[in-house]
Structure formats: structure tokens, C-alpha cells
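All values below were derived from every heavy atom in this structure, side-chain atoms included, with hydrogens, water molecules and symmetry-related copies excluded. Letters A, B, ... mirror the listed sequences (proteins, then strands); counts begin at 1.
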Number of protein chains: 4
Amino acid sequence: MGAVRTKRKPRAVREQQMLDAAVQLFGQRGYMAASMDEIAERAGVSKPLVYLYLNSKEDLFGACIRREATALTEAVRSKVRPDMPAERQLWEGLRAFFTHTAQHPEGWTVLHRQAHTQGEPFAAEVAAVRAEFIAFVAQLILAAARDRAAPCARGDGGPGERHVPALPEHEATGLAEALVGAAESLAAWANATPGVTAHQAAATLMNFAWAGLGNLMEGRAWSPSAA
Amino acid sequence: MGAVRTKRKPRAVREQQMLDAAVQLFGQRGYMAASMDEIAERAGVSKPLVYLYLNSKEDLFGACIRREATALTEAVRSKVRPDMPAERQLWEGLRAFFTHTAQHPEGWTVLHRQAHTQGEPFAAEVAAVRAEFIAFVAQLILAAARDRAAPCARGDGGPGERHVPALPEHEATGLAEALVGAAESLAAWANATPGVTAHQAAATLMNFAWAGLGNLMEGRAWSPSAA
Amino acid sequence: MGAVRTKRKPRAVREQQMLDAAVQLFGQRGYMAASMDEIAERAGVSKPLVYLYLNSKEDLFGACIRREATALTEAVRSKVRPDMPAERQLWEGLRAFFTHTAQHPEGWTVLHRQAHTQGEPFAAEVAAVRAEFIAFVAQLILAAARDRAAPCARGDGGPGERHVPALPEHEATGLAEALVGAAESLAAWANATPGVTAHQAAATLMNFAWAGLGNLMEGRAWSPSAA
Amino acid sequence: MGAVRTKRKPRAVREQQMLDAAVQLFGQRGYMAASMDEIAERAGVSKPLVYLYLNSKEDLFGACIRREATALTEAVRSKVRPDMPAERQLWEGLRAFFTHTAQHPEGWTVLHRQAHTQGEPFAAEVAAVRAEFIAFVAQLILAAARDRAAPCARGDGGPGERHVPALPEHEATGLAEALVGAAESLAAWANATPGVTAHQAAATLMNFAWAGLGNLMEGRAWSPSAA
DNA sequence: TATGAATGAGGTTTCATTCAT
DNA sequence: TATGAATGAAACCTCATTCAT
């Protein structure tokens, strides 16, 4: 069965067909359970052609990961301008993220679920992309901390004013990790829950995170002793 | 080569050996890449015995998931008493969660990474456990909302007092999803980052989440128009 | 069709069946053209069993080479006693060699034809066995040279007597190489020519070689200028 | 990667390029392990062109064998004149043989090693060439026998003179087989041993063979009872 | 209870070969 | 003349699973 087998397309076209099929199947079944037979069939080509163009199952998987990671990164980057205030950057970034993952659910599954599961070449590859995201978010958090601190610094300097130290970088990374983790989880949830839009998911997360971060930066840290 | 093969142990003991081996290997290699041969060898028994006791690879994987899910649930439940305030419940629950995942990294990997990537029987099983967690956390959030609302309600009732409506359940679920997602992510991060203790991970997450939730419940919701 | 598939034999038996089949097919078709499918079928077992016991096609081929090389070496060694005179040792060795190669033609083909053809692991293996043979024959030639020289030395010592220098080792190796090459070639010829017995082949080669060697050692070397 | 692909060469040139590449690869890897892909690449042409000119892998291999066999035969034949004495013919022929095999090692490998190991079409082809060589050498041996016998016959006819019967043809063939086998073996040995020249190899073999043959023809046959 | 012996089915990969231009 | 695009067939190898003891 499979797709109709059209003939004699240029290489680039066929390669995209293959990657599309592969992302779908890797997303649905996982790396090992997706067979090259099935991928070739869904791409509408014969198996040898897949090997001719993409070399091996591992290489094919790697190509999928790279394509999807690049697409996601681009989608987010294109919406985030460095001259926006940090808060706005975060909001736009999250919206782009949830929008993209909603439009490419299999791609997102491959990146989020499957790539980690396989051995070192792939785990490392997605880990690198993810680390970039984390670092970016950590920078935003630090920038936001400065943004909030500035008005205070410009304040009256009266006796009640507490100096707000810059958030330690190490702490910012932990927070970024939490935020990104929450985002990843919400993306899967939004994809699986009908009626939840990307906009809503982004708003939920901003609600959850932003105000909390604000409090935190103003020195009102939560402490176990309070509980 | 393989564990020492001692003889004639009672069934329960043998079964635990097998599950231990299986959890290790499923965690390290994934469901498909872990072979029954290797599992049997690492368990120190012959392959037919594995089949005699656990029926099939699928059943074995299911048994692993159930055992690990139960253990994790138990670990958390045993630390959370319903008569604690919601905030304390959340704190203790998170601490238990991070402690357990740190002590059973392969089990956590099986639940978090591997179970999702296989077909329906397992994804559903682990999703069910996760849904319980989410529901529990959502309840805590709603309870906390009430806790915070109560003092206000008991307040002076002066003109400035705004009535805080109960957080809508749907919203609470989204927040719980985000919190649990953040927790899962932090668990993996803490396991992979030397020097991060379960205590610290829990505190980071409380810091991140709790204050924000508080703000949110007091009506200071974040809104995109502000950005 | 293949052999009748009898059941539940002990491992050692099955392994010999497999090696028998493999030697036959490797001999007839060559390493690459012989398929594991066909080997398994001819051995009367399923393919996975071949892999279970012999690991891989390469290992199987290696096992064949080692078995056949050992058998040939043993056959020759068992007939050659170091206390025989060199001439007798050579004769008995050649007879044993031609007898064995006549009785195990496929084994001989594997050693002589196929093993060289494949990459390094095997070429080296047979080259090692062959080098042992060459060295052994070279020793015999040198010993024979001494045997022949001795009576002369015990001669009258008159003015006509020329001292015969020990044959240089390097030369002996070249001669041994030629002799062994001739033997190898004659073995194939004898196998392919009906009516030529091992005894005759051995006698032909002794005729060809021994007298010539004798002349050579007595100083009557052939020289191009004579031609 | 691969040879530079120049354009529009006449067919004969292209064919030689292909045969050159094929002989190299068949010699290095063997018939089955050499792929048409690699041959085409090394020849600097596309694969369909190889098929256009040479039809199939089998035909290509056959063409290689024929080309190399013809070249070797020509090289030897051009140095051997029927009016030379048999001894001289043998010496010149051997020298030409060792010289040619040293200059065309892959071609020699294809003829000596690879052609035999494949199925019937090729083994027969190279066997035919070899049979011609053997027959030629057998004739030389018989001729030499007559050369040697003649002077004796013309001798004094004194009482000690034994009549030397013409060497039986069957015997001559066996001896020729041995000689050619030795030559083949020495060719491989000389190719693999640095510092051994074609001249030396030829001399070694003449030394080994000629004197022995002489003895043999003079009736001093070796006999097992002597050993 | 426990295991050595055995296999059907299916995986990835490669190859010789052809079509359409 | 020459080639990029494409594939049927078959190779090696592994796995989950069962049988007979």
C-alpha cells in the first residue's frame, strides 16, 4: 500500500519525503521499533534508495533529529528579538515553541521522547540543543532580574530599600531547567489535550513561572522552614 | 560472565532478581534493545525460567513498570499526610520524589523515558500513574488556593478587599502539569548533575513554583498585554 | 531439502555437522559465495543455531581453517619421525600429505584456494601453517645436505675432493618453497585426475625433486650460462 | 574521490580503463567482494557505462581473465623460440614468466588465486590456459629427454651403456604439473618477498628442477625402496 | 524447579542490474 | 555517448519464544 509511487524525482525532494516518513514513524514507534521497510514504504520509495541517500538507520535518525531541532530552533529564534524586554522575549519564545510543537507533533516527539532513549550520538545531539535553550532562558531570567532591580536602584534609596543581588548564575540555570522542563511537559500535554491552544499553554506557563520568578528576584524566596 | 548462578531459590526471590535485571537493562538500553538473553544472564537464571515466571517480554516490561511506579508512589505517599497544610504536603512530596528518583535512577528512567516510547499498553500504564500524580498536585493547588483565600476572607472586609474566586479546576490541572513536568525534568537534571541533592532540587522547584502560584491565586495573574 | 533434520543432539556433534557442511560449501563455492543459509541447510540445522555455536561467518570460516589445518598437520606429523633419515622423512611426509589431501579434497581446497583469497585474518592463518611446513622441509633439505656431505668428508681426502659447503639457509628456503608449491599443485592435480594415487603423486614429486636436490648439493648447480 | 572523470574518450580507451580497474579490484578483493560500484568509480566512469560495454559482472571478470591470460602467454611466448634447445627454452620461458608476474601482480593474482575460486565458467577458462602451459612444458621435458638420450645413443655402445627409454608422456605431464606448480608458488613468493628478483626465482627453479630431471632421464629414478 | 537445544520471523544492509533522459 | 534515479533479491545476523528433559 503506502503512498503512490511517483517516479524520477530529484534527490532533494526524495530526501524530504524520506525524512518526513522517518520522523512520523520514529515518533510513533520509537527508533528501534520503526523498521526501515516501513519507512521506505511510507516514503513511497524502495529501501535501497533510503540507504543510497541516507546511509544507515542511525544516519537517518540523526538527519531527522537535526532537521527537527533546526526547525524548532528557527521557529523560536525568528520570534525572539534581542531588543525586546526579557519578559516579552520569554512570552514570544514560549508562544513560538508551543505553536511549533503543536504543528509538528511527531517532530517534537522525536526530539523530546525518542532521541534521549538511544545511545550516545543522539542523546548528545539533542542535549546540545536543549542546553542552548536552557542557557538562553537562563540569560533571560538574569536579564529580567536586572530589569526588576534597576527601578529599585533608581528608587529613593531610603532606609527600607534592600539591595537586590544579581541572581546567582547557578540558581538561574536550575530555574531555567525547571521552566524548560515544564514547557516540554506542557507541550506534550497540549498536544494530547484537545481544546488547549498554543496560546493558552504559553499563558499558563507564563502565569506559573513569571510571577514566581518575580517574587523570587525580589528576595521573597521560599524556604522550607516556612512550610 | 553473568551473576553467579545459585540454585533453588524460592520463586519470589528469583522474580525480584529478574525484575532488578530487567529494570537495569530496560533503563540502560530501552525496551527493544534490551534482550531477554541479556536479562536472563544478568539475573543469573536461564531464559526459560524468565518465561516461566513472567510470561513474555511485554509482561516483563509491564511488571517492571508496575513495580517501579508503585515504589515511587509509595515513597511519595508515605511522606505526605493529608492533615498537613497544602504547602507542606507539596514540599514533602517533592522531597520524597527527588529522593526516590535519585536512589532508583534506572527505575526512574524506565518510567520517565522508556515507558512512553513504546506502544500503547505501556504508555497508558505510566500515563495513568502520572495522571494520579497530576490530580493529586492539582488538588494541592486548589487547597492552597483556599488556604490563601481563607485568611483574606476572614480579613477586615474593608473596601479594598477583592474577592478571590476559587481557581478553576481546568486551570489547576494545567498548572499541575507544568509543575510535574518541571519536577520530572529536574529529577533527570539532578541525577545527571553531580553535587545537586534531592533537597536542593526540591527547594529550587518550590522556589520556582510556590511563590508564583501564590501570586496567581491572589489575582495577580500575568497577562500577555503587559509584555 | 538438505539432510534429514534429526533432533536434540549434543552440541559437539552439531558443531561437527556444521563444520562439515561449511568446509564442503566453502570449498565448492568460496567464502563469499557460500551462504549461511545453505550451510545451515546442508548441516541439517537452522541458521540461528549456526550463529549460536559459531558466532559469525568469519568465525565459522576460521574454525574450518583451523580444523582442516590441524588435521592435515597431524596427518603428516604422525607419519614423520625425527629419527628417520631425511630422505625417508620427506618421502613419508609427502605420502601422508597426498593421502590426506586425497581423502579430504574440500578441506584441501579451503586451505589451498579459499583461505588465501579472503582478507587478513585467514590469509595469515594459513600462511602460518604453510610457513611451518616450509621451515620443516627446509630443515630436511639441510639435513639431507649434511647426510650427503658426510660420506664425502669421510672419503679419502684426495686432491680431487671438493669440500661441500652447507647449503645456505636462504637457498634452502627457496627450494622448500618450490617443493611445497609443487606438492600443492600436484595435490590438486591428483585430486582432479582419476587414476593418480597418492603414492604415485608422492613418487613423482620425489623423483622430480630428490635427485635434483642431490645434484645441487653435490655442487653441480645449474647455471644460466650453460643454457 | 575516484579518478578524474574526463569526457568523451573513444570506446577502446574506456574499456581498458575499466579492465584496469576491474583487474585491480578483483585481484585485491576477490570476485564477489569487488563491487561494480567500486569498479566503475575507480575506472572513472558511471556504472551504466560499464554495463553498456561489458554486459555483466561475469562477463567483465571473464574479460579480465582473458586479457591477463593472453598477456602472460604472450610475454612467455615472445621469449621462447622453438629453435632453441629445450633447456634454453625452459630457462627463457621461466624468466619471462617470473618477470611478467612481477610486473603485473594483480593480474597474476586474478589468474592464480581468484579465477579458481569462482564457479565453473572461470575455473575452466583459466584451467585451459594452464593446461596449455603444462602441455608446453611437458613437450620441453620430452624434448630434453631426447636431447640427452641422443648423445648417449650416439655413444660408444660399450657394455655398461643402458638404453634410456623415452620418458612416458604420462610421467612427463606429472613432472610438468609439478614444475608449473612450483613456478606458480615461487611467483607468489617472489612477489611477496622483497629482494627476490625474477632472475633469481627462475634460477632457483631451474636449479631445483633441471638437474633432477636430468638424473631422472638418465634412468637414475628415485625409488621408495631406497628410503 | 530449571535448563540445554532449537527455530520462525524479521531486522539492517548491500549488490547487480535497469530505466529514462 | 553517458548518467542520475531507482529497485528486486538476497545476504548476514538477532530476537523472542518453545520443546524435551
Side-chain angles (χ1 to χ4, degrees), chain A residues 5-15 32-40 44-60, chain B residues 5-11 14 32-40 44-53 55-60, chain C residues 5-11 13-15 32-40 44-60, chain D residues 5-11 14 32-40 44-60:
Chain A
R5 193 161 300 197
T6 55
K7 294 193 174 178
R8 302 275 146 173
K9 302 231 197 100
R11 174 169 180 152
V13 173
R14 278 275 137 94
E15 263 181 17
M32 298 233 62
S35 84
M36 293 298 269
D37 260 306
E38 205 175 358
I39 291 171
V45 297
S46 70
K47 227 182 337 171
L49 201 59
V50 180
Y51 279 90
L52 191 61
Y53 286 173
L54 285 138
N55 261 346
S56 72
K57 197 183 188 183
E58 257 192 53
D59 284 9
L60 172 56
Chain B
R5 194 163 301 198
T6 53
K7 292 190 177 183
R8 303 277 150 172
K9 298 235 198 91
R11 172 163 183 153
R14 281 271 144 94
M32 297 236 56
S35 82
M36 294 297 271
D37 260 305
E38 205 175 358
I39 291 171
V45 297
S46 72
K47 229 185 331 173
L49 200 59
V50 180
Y51 280 87
L52 192 63
Y53 284 178
N55 231 17
S56 75
K57 195 184 188 184
E58 267 196 38
D59 286 6
L60 172 57
Chain C
R5 192 158 302 197
T6 53
K7 294 192 175 180
R8 301 276 148 174
K9 303 232 198 97
R11 173 169 181 151
V13 173
R14 278 275 136 93
E15 263 181 18
M32 298 232 62
S35 85
M36 294 299 270
D37 262 303
E38 205 175 357
I39 291 172
V45 297
S46 70
K47 223 183 340 169
L49 201 58
V50 180
Y51 280 91
L52 191 60
Y53 286 173
L54 285 137
N55 260 348
S56 73
K57 196 184 187 183
E58 260 193 50
D59 284 8
L60 172 57
Chain D
R5 195 164 300 199
T6 54
K7 294 193 175 180
R8 302 278 149 171
K9 298 234 197 94
R11 171 163 182 154
R14 279 270 144 94
M32 299 236 55
S35 83
M36 294 298 271
D37 260 306
E38 204 174 359
I39 291 171
V45 298
S46 72
K47 228 185 332 173
L49 201 59
V50 180
Y51 280 88
L52 191 62
Y53 284 178
L54 286 141
N55 230 17
S56 74
K57 196 184 188 184
E58 267 196 39
D59 286 7
L60 172 57

TODO: Looking at every strand, decide which applies to A/Arg11 at a 4.0 Å heavy-atom threshold: base, sugar-phosphate, or nothing.
DONE: sugar-phosphate
[X] and [Y]: which non-hydrogen atoms are nearest, and at how many Å?
X       : Y       : result
C/Ser46 : C/Ala40 : C-CB, 3.9 Å
A/Tyr51 : A/Lys57 : CE2-N, 4.4 Å
B/Leu52 : B/Arg11 : O-NH2, 4.4 Å
C/Tyr53 : C/Arg14 : CE1-CB, 3.8 Å

Open item on the list: I need the C/Lys9 NZ to C/Leu49 CG distance, nearest 0.5 Å.
Closed with: 11.0 Å
Task: side-chain contact (heavy atoms from CB on, under 4.5 Å) partners of B/Asp59, counting only residues at least two apart - done: B/Asn55, B/Ser56
Roughly how many Å is it from [atom1] in [X] to [atom2] in [N], rounded to a whole number?
X       : N      : atom1 : atom2 : answer
C/Leu52 : E/dG4  : CG    : C1'   : 10 Å
D/Leu54 : F/dA2  : CG    : C1'   : 15 Å
A/Leu49 : E/dC15 : CG    : C1'   : 15 Å

- [ ] Determine the stems involving DNA chain E; a stem requires 3 or more consecutive pairs of the Watson-Crick or G-U wobble kind, each with both distances below 3.5 Å, and the answer is none if no such run exists.
- [x] E:2-21 with F:2-21
Open item on the list: List the residues meeting side chain to side chain donor-acceptor pair (under 3.5 Å) with D/Lys47, not counting sequence neighbours, and say none if there are none.
Closed with: D/Asp37
- [ ] Tell me whether the OP1 or OP2 atom of F/dT1 has a side-chain N or O from D/Tyr53 closer than 4.0 Å.
- [x] no
Task: Letter per nucleotide, 5' to 3', of nucleotides 15-21 of chain F [B base touched, S only sugar-phosphate touched, - untouched; heavy atoms, 4.0 Å] - done: BSBBB--
